Asks: 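Dumping the structure here so I can ask a few things about it.
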2 protein chains.
Amino acid sequence: MALEHAILVSLLEKPGSGYELSRRFERSIGYFWTATHQQIYRVLKRMESDGWIDVREVPQQARPDKKEYSVAALGRDVLSQWLHEPIEPESVRHELAVKIRGAAFDDPAALIREVERHHQAHTDRLAHYLAGERRDFTGPKAPATPDAGQQLQHVVLRGGIAYERMTLAWLDDVLDTLRRLGPER
Amino acid sequence: MALEHAILVSLLEKPGSGYELSRRFERSIGYFWTATHQQIYRVLKRMESDGWIDVREVPQQARPDKKEYSVAALGRDVLSQWLHEPIEPESVRHELAVKIRGAAFDDPAALIREVERHHQAHTDRLAHYLAGERRDFTGPKAPATPDAGQQLQHVVLRGGIAYERMTLAWLDDVLDTLRRLGPER
DNA sequence: TCTTTCTATGCAACTCGTTGCATAGACAAG
DNA sequence: CTTGTCTATGCAACGAGTTGCATAGAAAGA
């Protein structure tokens, strides 16, 4: 499991509350690791009782109070140890691919709209990543000499961008294939 | 959930036992949907008691008997209905990306070996996919006029190939970044 | 002969992840 | 003044997925 570790990395980058973490998991960290707020709250509790992170009650005006978490010494050790352990290369879970193969036993043309929808979603995601890259790394306001953390965040984001571009090209290929099949029926 | 649907697709392509399905989930279908044999046996049981699939006891010599499953009419309906429902575009789960961002708080150079290991694994997977493509789709023994099912299987495999190529290029980018960071410490 | 490997199926326990629901203060729009 | 939205936290129940273990016949190799 790596949700704990993803949270440790995020809290090292910047301490925050469960709510703030769940927002980060909708962007930034969430580009390559997803989690719902319920999951995050549950895991934060366990991490705190295990001494990996510290809590600080922060009163706020015009808002409910929050609990700000930060990484404790033990949490740093846990993360460091995990970083030195090998992990398995990812295995994919691509529901759309199951559908595409399933289309052979149904109407392939009926899938076109669905694939177009996915194409649009990935186009949006790519635009979002590129805007983030310009804002934080390649634009005029970006740091001229990025530190290690920024360079590593950038290379991860470049991975997301490459993934979306590859996916869009593949979805074009899928659409071509479905359209070629369609008229024959 | 789509394990049921992945199993339906696989059984439509060719009926088989739980054991055979679990082997297919290590190749072919497993390229984009993973499942362990325990998961498969459990789901097969539920699908059978729900009337989605039929069982046939097949005695074998030199081997334990097996239960061969095939898709029932109800299963075809269920699959067809699922194919017409929209699904969410995939969200990624990339443990290595968490590690890379985490490396900012540890020794980036220590990750190089790990990334190289992943590079090797993806190189192997790509070679495996390309061999499968040559065998089934582009080689001399491939069908000259592939049917719809074969064309759809091929486009899914092309997706796997594109994914591996993209990943390898990104891992090269990651290695460059880590090596540039290393000497500065 | 003994160990290992392959085919073949399955239970039990556990962890991970999702979904639905609940609470509660503050603010904005209608 | 009511409804909706945003911040903020959490419980309970369920479903999905993993890990460990067990059984059992046959073949292959040491």
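Below, each value reflects all heavy atoms present in this structure, side chains not excepted, and no hydrogens, waters or symmetry copies. Convention: sequence-line order gives letters A, B, ...; per-chain numbering from 1. Predicted model, so just to flag it, every value in this text is computed and none were measured.
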Asks: Specify the separation, in whole Å, of atom OH of A:Tyr69 and atom C1' of D:dA8.
Replies: 11 Å

Asks: Please state whether the phosphate of D:dT19, meaning OP1 or OP2, lies under 4.0 angstrom from any side-chain nitrogen or oxygen of B:Gln38.
Replies: no

Asks: Select from B:Arg93 and B:Tyr41 the residue whose nearest nucleotide in DNA chain C is closer to the 5' end of that strand.
Replies: B:Tyr41

Asks: Over how many whole Å does the gap from A:Arg42 atom CZ to C:dT18 atom P extend?
Replies: 10 Å

Asks: To the nearest Å, give me how far apart CG (A:Leu3) and P (C:dG17) are.
Replies: 6 Å

Asks: Side chains of A:Tyr129 and A:Leu157: does their closest heavy-atom pair fall under 4.5 Å?
Replies: yes

Asks: If only side-chain N and O atoms of B:Ser17 are considered, is one of them under 4.0 Å from the OP1 or OP2 phosphate oxygen of C:dT9?
Replies: yes

Asks: So, OP1 or OP2 of D:dT7: does either fall under 4.0 Å of a side-chain N or O from A:Arg23?
Replies: yes

Asks: Give a yes or no on whether B:Glu88 atom CD has more than 12 heavy-atom contacts from other residues, nucleotides or ligands under 6.0 Å away.
Replies: no

Asks: Could you tell me how far apart A:Leu21 (CG) and D:dG10 (P) are, to the nearest whole angstrom?
Replies: 13 Å

Asks: With no hydrogens and no angle check, do the side chains of A:Ser80 and B:Asp106 hold a donor and an acceptor under 3.5 Å apart?
Replies: yes

Asks: Would you mind telling me which residue lines up with the more 5' stretch of DNA chain C, B:Lys45 or B:Pro64, judged by nearest nucleotide?
Replies: B:Pro64

Asks: For the pair made of CZ in B:Phe25 and C1' in D:dG17, what is the distance, rounded to whole Å?
Replies: 13 Å

Asks: To the nearest Å, give me how far apart CG (A:Leu44) and P (C:dC16) are.
Replies: 15 Å

Asks: Round to the nearest Å and state the distance from B:Gln39 atom CD to C:dG17 atom C1'.
Replies: 13 Å

Asks: Quick one: do the A:Arg56 and A:Ser70 side chains pair a donor with an acceptor below 3.5 Å?
Replies: no

Asks: Has B:Tyr19 got a side-chain N or O lying under 4.0 Å from the OP1 or OP2 atom of C:dT9?
Replies: no

Asks: Please work out if B:Gln60 contacts a base, only the sugar-phosphate, or nothing of the nucleic acid, heavy-atom cut-off 4.0 Å.
Replies: sugar-phosphate

Asks: Rounded to the Å, how far apart are A:His37 NE2 and C:dG20 C1'?
Replies: 10 Å

Asks: Strictly by modelled atom types, are B:His119 and B:Asp172 linked by a side-chain donor-acceptor pair under 3.5 Å?
Replies: yes

